[in-house]
Amino acid sequence: MTSSDRKSSHRTQKSLHPVFSLPALRRGGAFWIGFGALGLLCSSLAAAAPSPIQSDFDDDMVLVTLPASAPASDRVPSSPEAMAREVQKLISEARRSGDPRFLGYADRLFKQQAGQALTDELLVLRATLAQSLHKFEAARQDLNTVLNRSKAPLQRAQALVTLANIELAQGRYDQAKPFCEQLTEERPGLIAASCLAQVAARTGGAKPAYEKLAATTRFLSRANPQERMWAQGTLGDIAAQLGQRSAAEHWQQVLSQNPDDLYIRAQLADWYLQNGKPKQALAATEAYESVDNLAVIRAIAMRQVNHPNAQALASRLRERFDEALWRGSMLHQRDLARFELDIEQRPENALQHAMANWDSQREPQDTRLALRAALAAQDNTALSQLRDWLKQQNQFDARYPEES
């Protein structure tokens, strides 16, 4: 039995169980160049037994609440152009709401097209979908196919942006830089400048990268609004890496234009926590409890201020993570690792999930969490592995634990 959701899909829904784990999608390859929409798309381990599965239901009980904007039918779009519009819409909605069901709808469309040749635009979209589902090699294959065969400037630029973001997310900076440089040649502007700034910032050049990107952003003040917001988000990331209070200002600028940018909202809320401002973190995460990343940050902030609902939210998150582990549906282990570390206070379990996550995703947030968990668990082997990698990359970050 289902009922249409008539409320904003990122708000907490009242149902029997939280049947979906909704991770905050990460900044990645869903910037739709030329379409005017800024998208930030970002294995399970058995750590705990699931809550008892309820099987005795009343006939009129709502078991699953579907989003109002779910596809009305399984009908295949009538043309490649129509399919591209539908897939782009679904991925953008997943980014906006944090609801991975929209990724499932998009994946179903591609499966219905199995065995058929795809246009360059559809290959880029399929790669974007694969990236958001952590199928990085499949994404690389589609994107390289586009670069090898396409002469369309728009699709080539989109492929380069997505490839660069995959390599950045995995900490493969030597592989990311050539894509950023090629993007600069083929489509210069704030997106390409932000790409190069991220590579430089994570390999020892954070301060000059920030200064150069800030100057470029001022010089290109009349650039596309979405490109300016992308640059502001990047400036916020680098400012936080440098320990500058201006990070919050950059992120607030983005949220003023796009309140449902989940990546930036999580960055800002986490920055508030790290700087002793749990009340501001609560304000930033209000009404986003259905998104794992934001919900975990909110639970930590609630605990810090002795909020009366702290235990209730922790219990809901515990059930959500237990069920996701039981179902094998965890997209992101980072959120679970942080829950284990900061709410459950089980550093060994936290480290297990944090390192499993770090094996495939090495953004600064992933590295910071792995370092914190390794220190809390007093695991010198994990600490050595993390420190050696940081030294190889010449990477520092003011958010990393001082002991690292």
Side-chain angles (χ1 to χ4, degrees), residues 2-10 20 22-42 64-136 138-143 145-146 149-150 152-163 165-166 224 226 230 258 260-263 290-291 329 331:
T2 64
S3 66
S4 294
D5 177 8
R6 291 178 173 81
K7 297 181 180 179
S8 175
S9 59
H10 66 247
F20 292 98
L22 310 181
L25 303 176
R26 301 182 183 189
R27 172 166 279 214
F31 181 89
W32 308 123
I33 295 177
F35 289 98
L38 181 62
L40 309 178
L41 287 180
C42 3
V64 179
T65 302
L66 294 180
S69 51
S73 71
D74 292 337
R75 182 176 59 85
V76 177
S78 59
S79 67
E81 294 78 15
M83 181 170 173
R85 288 193 297 270
E86 181 64 17
V87 171
Q88 181 186 323
K89 174 184 174 182
L90 291 169
I91 296 176
S92 294
E93 182 61 23
R95 185 231 20 117
R96 185 199 68 79
S97 67
D99 189 336
R101 287 174 288 190
F102 291 100
L103 302 179
Y105 303 146
D107 189 47
R108 181 176 62 191
L109 286 176
F110 280 114
K111 287 179 179 177
Q112 291 172 339
Q113 299 286 323
Q116 299 186 29
L118 298 179
T119 64
D120 292 337
E121 183 178 14
L122 286 173
L123 282 178
V124 169
L125 287 167
R126 188 170 71 175
T128 299
L129 176 64
Q131 179 201 6
S132 67
L133 294 173
H134 297 187
K135 299 176 181 179
F136 299 117
R140 287 187 179 98
Q141 182 175 343
D142 278 346
L143 295 168
T145 297
V146 171
R149 80 183 192 188
S150 179
L154 188 63
Q155 298 310 323
R156 291 185 59 81
Q158 189 72 65
L160 288 168
V161 169
T162 310
L163 277 167
N165 278 306
I166 289 173
N224 179 286
Q226 283 74 36
W230 185 276
N258 184 11
D260 283 326
D261 185 328
L262 301 182
Y263 175 89
S290 62
V291 182
S329 64
L331 283 179

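When reading the values below, keep in mind they use all heavy atoms of this one structure, side chains included, and skip hydrogens, waters and symmetry mates.
Atom CZ of residue Arg101 and atom CG of residue Asp107 lie 16.0 Å apart, to the nearest 0.5 angstrom. One distance of note links CZ of Phe102 with CZ of Arg95; it measures 12.0 Å at 0.5 Å rounding. For the atom pair Gln131 CD and Lys135 NZ, the distance stands at 13.5 Å (nearest 0.5 Å). Here CD of Gln158 is found 10.5 Å from CG of Leu163. Values are rounded to the nearest 0.5 Å. Taking CD of Gln116 as the reference point, atom CE of Met83 lies at 8.5 Å (rounded to 0.5 Å). If you take CD on Glu121 and CD on Glu81, they are separated by 7.5 Å, rounding to the nearest 0.5 Å.
Annotation: salt bridge (charged side-chain N to carboxylate O under 4.0 Å, His left out) contacts of Arg85 (sequence neighbours excluded): none. Here Arg140 pairs with Glu137, Glu167 under the salt bridge (charged side-chain N to carboxylate O under 4.0 Å, His left out) rule; sequence neighbours left out. For Phe136, the ring-ring contact (aromatic ring centres under 6.0 Å, His included) partners two or more places apart in sequence, or in a different chain, are His134.
Gln113 approaches Leu118 most closely through the heavy-atom pair CB-CD2, 4.4 Å. Scanning all heavy atoms of the two residues, the minimum distance from Ser97 to Val291 falls at O-CG2, 3.9 Å. Heavy atoms only, all atoms of each residue included: Ala94 and Leu103 are closest at CB-CD2, 3.6 Å.
One N or O on the side chain of Arg156 and one on the backbone of Ser150 form a donor-acceptor pair closer than 3.5 Å. Ser92 contributes no side-chain N or O that, together with a main-chain N or O of Lys89, makes up a donor-acceptor pair within less than 3.5 Å.
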Between Asp260 and Asn258, does the side-chain contact (heavy atoms from CB on, under 4.5 Å) criterion hold? Intermediate values first, please.
CA-CA 5 Å; Asp260 283 326; Asn258 184 11; 4.2 Å; yes
